[in-house]
Amino acid sequence: MTEKRPIKVKSDLPHVTGYTCTLCHRFYHYEKEMLTCPACGEKGILDIEYDYDVISKKVSRESLKADHENSIWRYKAFLPLEDRDFSSFLRVGWTPLYRSLRLGDELGLKALYIKDDGLNPTASFKDRASGVAVAKACELGYDTISCSSTGNAASSCAGNAARVGLKSVIFVPERAPQGKLAQMLVFGARVISVIGDYRDTFNLSKAAIDRYGWFNRNAGINPVMIEGKKTASFEIAEQLNFEPTDWVAVSVGDGCTIGGVYNGFRDLYKLGFIDRIPKILGVQSTGCSPFVDAARANEPLKPAEENTLADSISVGIPRNPVKALRAVAESHGKWIAVPDEEILEAMRSMGREEGIFGEPAGVTAFAGVRRAVELGVIKSDESVTCICTGSGLKDVENALRAGGEPVRCHPDLAELEALGVVS
Ligand SMILES: *Cc1c(COP(=O)(O)O)cnc(C)c1O
Ligand SMILES: [Zn+2]
């Protein structure tokens, strides 16, 4: 059993005022370590509240422009962490925002941008949360960090922890793709492959974290994680000279990514760095679409079946429903679902037309945009950013499904010519 080390550093976070419960809306003054609402229990996920006057004394649009720290740490003034030197951490964030050269025109959009977050150190968007999680675990004096995940949060947690010398204990469902599993094992995590689905995995991880007192990196529970994810929006805003697109499309599983993306734009709006929050398009697979179903029926979320090849968003019982619903509602966005065939097609077209290789959940946002344009939800005079949340190398099996077969040929030029496949 791991013993929690006593907390040595006295925390002083002048820019954080406290926490508000997303369910009962009670406000709690800042405490070093608060996971969920004491009144509501585990479902009472918290929002972290900031004092924007304090933040605005530390950063401005100009100070950001002059900052050469090309990672999420350029935004440390916005994060619920003590101010310290993060140069020994993995380089998370500051991923490219590509202007689409073909797909945007094909869809008749004013402009389409693709933010390739597969280029993070462990090849997914999850590094934004894990970087902050690991920093928090160090700040609080833990020696072990733990999470349950369908794969990317886990491999990301393992990699970021390895870099700073934290131990990691990772719970994954049996179906986690090999690429992600290989990453965790190489990063030296203790990996527990749970015989069951994601729900079983989450429950075992929760019980073990309670039992052993590790730092909890479960994004649905720990309010710090979603704050790391908001750095993607800061980057999008900066990369577009503080004039973000009309829409930002995000694929949705637990709902933390979309919640974080919204929080980022909200922060910038409150600080006056941008004058409009983009509409957020939440995209799921029709094989697992609890948010889309709830929005369509105008009813509370119900558990959904988990039947999509996009494993990273195959989440039947989302752990962060309130923040996700709020992201779409408050930004006047939309929920949309796309079948798996359209996800595979999106993988092909992003690869062929733009040179961007995303895993199924990574390209789902683009598949959703295509759908939304067809349905007239996104109009042709509008601009869109799609976040590609993970690299295609994460899930080679499905990439091969999308990509098709190579041409077989003996080492014989005549045979190659006879095949008529090259010219
Ligand atoms: C985790 C993940 C998502 C969805 O994030 P949630 O916070 O679960 O909604 C989307 N794409 C990829 C590649 C992911 O790993
Ligand atoms: Zn509460």
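Both counts, for ligands and for their atoms, begin at 1 and track the order of listing. Heavy atoms only: backbone and side chains are in, while hydrogens, waters and symmetry mates are out.
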Please say whether the positively charged group of R296, taken as NZ for Lys or CZ for Arg, lies over the ring of W335, i.e. under 6.0 angstrom from the six-membered ring centre and within 45 degrees of the axis.
-> no
How many angstroms lie between atom CZ of F171 and atom OG of S148, to the nearest 0.5 angstrom?
-> 8.5 Å
Examine ligand 1 and decide if any of its atoms is less than 4.0 Å from a heavy atom belonging to V315.
-> no
S124 near ligand 1 by a heavy-atom separation under 4.0 Å | no
Run the salt-bridge test on E342 and R370 with the 4.0 Å N-O cut-off and return the result as yes or no.
-> no
Closest to atom 15 (O) of ligand 1 (heavy atoms only, candidates N320, N152, D127, I226) is N152
May I ask you to check whether K126 has an N/O atom sitting below 3.5 Å from an N/O atom of ligand 1?
-> yes
Does R91 come within less than 4.0 Å of E69, counting only side-chain N to carboxylate O?
-> no
Any K229 heavy atom less than 4.0 Å to ligand 1 | yes
Selected option - heavy-atom contact closest to atom 4 (C) of ligand 1, from D117, V363, T257 = T257
Would R74 and E238 pass as an ion pair if we require N to O under 4.0 Å?
-> yes
Enumerate the atoms of ligand 1 whose separation from the nearest heavy atom of C256 is less than 4.0 angstrom.
-> 6 (P), 7 (O), 9 (O)
Given atoms SG of C24 and SG of C21, what angle do they subtend at the Zn ion (ligand 2), to the nearest 10 degrees?
-> 110°
Quick note on ligand 1: atoms under 4.0 Å from a heavy atom of I313 include exactly 3 (C), 4 (C), 10 (C)
Contact (N/O only, under 3.5 Å) between G390 and ligand 1 | no
NZ/NE/NH1/NH2 to OD/OE distance under 4.0 Å, E382 and K279 = yes
Is it true that some N/O/S atom of C37, main chain or side chain, lies under 2.8 Å from the Zn ion (ligand 2)?
-> yes
Answer yes or no: does an N/O atom from V252 fall short of 3.5 Å to an N/O atom of ligand 1?
-> no
Check the side chains of D116 and T95 for a donor-acceptor pair under 3.5 angstrom, ignoring hydrogens and angles.
-> no
Would one find an N or O of G253, backbone or side chain, under 3.5 Å from an N or O of ligand 1?
-> yes
Within 45° of the axis and under 6.0 Å from the centre of the six-membered ring of F125, does NZ or CZ of R128 qualify?
-> yes
Does the distance from a Lys or Arg side-chain N to an Asp or Glu carboxylate O, for D47 and R326, drop under 4.0 Å?
-> yes
Does R276 count as lying over the ring of Y269, i.e. NZ or CZ under 6.0 Å from the six-ring centre, within 45 degrees of the axis?
-> no
Is the shortest N/O to N/O distance between D254 and ligand 1 below 3.5 Å?
-> yes
Where ligand 1 meets E359 - atom numbers and elements under 4.0 angstrom, heavy-atom basis = 13 (C)
